[in-house]
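This report refers to the structure that appears directly beneath it.
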Amino acid sequence: MTNILDFLKTQFSSKKDKVAISETNRSITFGGLNALSNQYYNHLREAGVSPGEVVAIELERSIEAIASMIAILKAGAAYTVINKDYPESRKQYMRETLSIQVTIDQILEPDASLEEVWQVEERTPEHLCYVIFTSGTTSLPKAVGIPDRGIIRLLGEERLGFSADKTISHISPLEFDASIIEIWGGLMNGMTVALLSKTETLNIYLVEKRIKQEIDMMWITSSLFNFWVDKKPEMFQKLSHIIIGGEQLSLHHVRQVLPYTKVINGYGPTENSVFTTIDVMEGEVDEIAIGKAFYGTELFIVDDKGELSTEGELYATGMGVGLGYIGNEEKTRESFINWNGKKVYKTGDLVRIRDDGRIVYLGRKDTQVKINGYRIDLQEVEYAAKSLGVKNAHAFVQDKKIYLAVTSRLDNLSNKLKKVLPMYMLPFKTVYVSELPLTNNGKTDTKTLYDHYFLPKTKRIAKIIQKYVNAEEVTDGTNLFEFAIDSIIIWEIAREINHAFGSDLSFFDIIENPTISEISSMIGDERHAAYNL
């Protein structure tokens with residue numbers, strides 16, 4: 001096994017004039033990318049970066065961001081990406097956790113005289129390559145350290161369909177591990193990486209245009225995949241295949257696309273270098289499986305007694321297993337363990353193995369929530385809705401209540417769910433939404449869902465009003481004129497309430513009915529009730 005830079009050097013020298021990265025209005029060749037990375041490399045040398053340290057990248061997805069990643073590896077260091085929109089407290093936590101001294105946040109221009117230069121520090125397969133922070137929704141985010149070997153194993157997996165004559169899209173945020181597949185999988189194989197901007201990604205017509213122009217294969221999250229499929233499944237027909245992951249796949253949506261192209265289900269936690277298993281789907285599919293072990297990976301299904309079983313928690317070992325959680329030895333010891341003489345990562349995912357050897361994902365241990373003494377798997381609630389004909393569904397818990405959003409209008413869905421779910425698993429409220437909102441990472445945006453469709457009407461109005469008045473809390477009976485507001489603010493409040501509820505309140509409606517309870521009574525429940533099922 002060699003290192004990442006050896007693979008890149010081969011591509012930079014043999015494909016000097018081939019386009020390495022294309023954006024909407026510009027591109028760069030492999031030779032130009034090497035030159036630009038050399039400029040960032042020189043910048044790092046001047047900043048005193050040493051082999052083994054972690055350098056932060058605080059740039060938008062771009063040619064420059066990718067060039068800076070290559071430069072960091074050339075310097076013998078590792079990179080982490082800090083999203084510019086993160087709160088300062090989170091940025092500071094990331095920098096302190098990784099002892100970051102240098103951040104790349106500037107745009108450099110390529111110097112053609114550096115195209116032939118190849119100056120790098122020594123790397124081994126065990127070198128720390130990149131660090132990705134987990135979401136940290138229940139605690140402080142954990143810094144997952146991945147070595148070079150975790151990326152090198154991408155080259156050994158033939159089922160991914162990497163080929164120098166293809167172009168792969170790049171739409172994932174840099175801080176999301178899917179970008180590893182797009183960037184390194186593409187460049188190390190001599191492919192062109194087609195970078196789509198955030199604006200393009202959210203516009204299905206612009207995505208289809210880029211596909212027709214140049215893209216042969218894509219990696220996308222399952223939520224984004226569902227979003228596009230609901231609008232135009234035939235848009236994928238030019239692609240050789242689509243790789244989908246990040247969340248559990250929808251059989252309904254996969255079936256709609258299979259007449260046009262091949263679909264690959266890519267499953268794996270960040271801690272095992274992006275992919276742990278993959279499943280290639282063609283023709284007729286009767287069940288979503290996560291497939292078989294990825295290249296360089298060995299899997300074990302372990303029951304509650306720590307013994308091999310056909311159903312239980314999935315353990316992974318091999319080239320992809322990460323170095324642990326940097327700065328958090330306790331969490332590392334919990335998840336990266338020695339089991340039967342092997343270093344394994346405990347995924348926390350429950351699976352079963354089929355007779356044909358393919359693995360089926362059953363759910364997360366931590367999606368099992370406890371409500372009124374009952375242990376409930378939220379994915380089972382979603383599956384029940386889909387079994388009744390719902391295209392897409394998302395279940396979540398708020399204030400110890402189960403909420404369910406669905407993208408299909410089914411009459412009496414709540415009553416139908418009573419026939420397939422026990423009483424303790426029934427959603428407190430089920431609503432129809434035209435589409436599930438997505439976060440920047442392409443996953444379902446639970447907070448937006450709750451705020452827009454499940455939050456009581458008076459609380460939604462209160463949240464709007466609190467933007468315009470200086471008060472920690474606004475109650476149903478609070479009079480707006482207790483605060484120093486002027487006519488412009490009243491107009492703004494009316495405008496935003498009308499936008500949120502599809503109402504037509506006027507300036508004078510707010511003046512004559514200045515409390516939340518009065519405003520709420522004027523809006524009525526017709527539109528709101530239309531969403532409840």
Side-chain angles (χ1 to χ4, degrees), residues 134-135 137-139 142 144 150 153 222 245-249 251 265-280 285-325 328-384 386-387 395 397 402 420-422 424-425:
T134 59
S135 61
T137 53
T138 57
S139 61
K142 299 186 290 290
V144 183
R153 71 198 264 269
S222 55
E247 297 169 291
Q248 195 167 7
L249 270 63
L251 179 60
N265 185 7
Y267 155 83
T270 296
E271 290 86 345
N272 196 46
S273 304
V274 189
F275 282 145
T276 298
T277 66
I278 60 173
D279 191 52
V280 181
V285 176
D286 59 357
E287 182 182 33
I288 295 294
I290 59 174
K292 298 183 179 181
F294 195 80
Y295 175 83
T297 300
E298 188 177 6
L299 302 176
F300 309 99
I301 300 175
V302 182
D303 63 19
D304 291 339
K305 298 178 181 178
E307 299 176 353
L308 286 174
S309 176
T310 57
E311 184 171 320
E313 183 178 359
L314 188 66
Y315 288 8
T317 188
M319 292 169 63
V321 175
L323 301 175
Y325 301 116
N328 195 332
E329 293 184 8
E330 181 182 353
K331 289 293 184 182
T332 299
R333 286 194 298 269
E334 289 177 6
S335 299
F336 297 85
I337 67 168
N338 285 313
W339 180 81
N340 288 351
K342 298 177 183 287
K343 180 186 177 182
V344 302
Y345 171 66
K346 297 172 60 178
T347 67
D349 289 327
L350 303 174
V351 301
R352 65 175 169 82
I353 191 164
R354 297 176 14 153
D355 292 339
D356 62 5
R358 292 158 70 216
I359 296 171
V360 175
Y361 177 83
L362 301 178
R364 285 285 301 168
K365 278 189 171 182
D366 51 20
T367 61
Q368 294 183 347
V369 296
K370 205 164 188 179
I371 299 177
N372 296 327
Y374 293 100
R375 189 161 292 282
I376 299 167
D377 192 320
L378 296 175
Q379 291 177 339
E380 187 176 346
V381 178
E382 295 172 356
Y383 178 80
K386 292 175 183 177
S387 71
V397 170
I402 300 173
V420 294
L421 289 174
Y424 65 86
M425 292 183 67

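Model, not experiment: these values are computed from the prediction.
- Residues I301 and L314 form a side-chain contact, since some pair of their non-hydrogen atoms from C-beta on lies under 4.5 Å apart.
- Note on E334 versus K142: no salt bridge recorded, every NZ/NE/NH1/NH2 to OD/OE distance being 4.0 Å or above.
- A316 and V321 make their closest contact through O-CG2, 3.6 Å (heavy atoms, listed as atom of the first residue, atom of the second, distance).
- A distance of 8.5 Å separates OG1 in T347 from OH in Y361, rounded to the nearest 0.5 Å.
- Taking all atoms of both residues into account, the shortest heavy-atom contact from S273 to G150 is OG-CA, 3.3 Å.
- Using the six-membered ring where Trp is involved, F275 and F294 have ring planes that are tilted, between 30° and 60° apart.
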Y325 vs E330, side chain to side chain donor-acceptor pair (under 3.5 Å): CA-CA, chis, key distance, verdict = CA-CA 9 Å; Y325 301 116; E330 181 182 353; over 6 Å; no

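- The heavy-atom pair separating T276 from P269 by the smallest distance is OG1-CD, 3.4 Å.
- The shortest distance between side-chain heavy atoms of Y267 and D349 falls below 4.5 Å.
- In this structure, Q248 and E382 have side chains that are not in contact, with every pair of non-hydrogen atoms separated by 4.5 Å or more.
- Between the side chain of E313 and the main chain of V302, no donor-acceptor pair closer than 3.5 Å is present.
- Taking NZ of K292 as the start and CZ of R354 as the end, the distance is 10.0 Å to the nearest 0.5 Å.
- Residues I337 and V344 meet the side-chain proximity criterion, which asks for heavy atoms closer than 4.5 Å.
- The CD1 atom of I288 lies 5.0 Å from the CG atom of L249; values are rounded to the nearest 0.5 Å.
- Looking only at distances, a side-chain donor or acceptor of W339 sits under 3.5 Å from a matching main-chain atom of G306.
- Between Y345 and F336, the ring-plane angle classifies as tilted under the 30° and 60° cut-offs.
- Counting only heavy atoms from C-beta outward, the side chains of R153 and T297 approach each other to under 4.5 Å.
- Residues meeting the salt bridge (charged side-chain N to carboxylate O under 4.0 Å, His left out) test with R358, sequence neighbours left out: D279, D356.
- To the nearest 0.5 Å, atom CG of residue N272 and atom OH of residue Y315 are 14.0 Å apart.
- Closest non-hydrogen pair, D303 versus S309, comes out as CB-CB, 3.9 Å.
- Within the 4.5 Å cutoff, side-chain heavy atoms of F300 are placed close to those of K342.
- M425 and V381 make their closest contact through O-CG2, 3.8 Å (heavy atoms, listed as atom of the first residue, atom of the second, distance).
- Between the CD1 atom of I353 and the OG1 atom of T310 there is a distance of 8.5 Å, given to the nearest 0.5 Å.
- When every heavy atom of T277 is checked against every heavy atom of L299, the shortest pair comes out as CG2-CD1, 3.4 Å.
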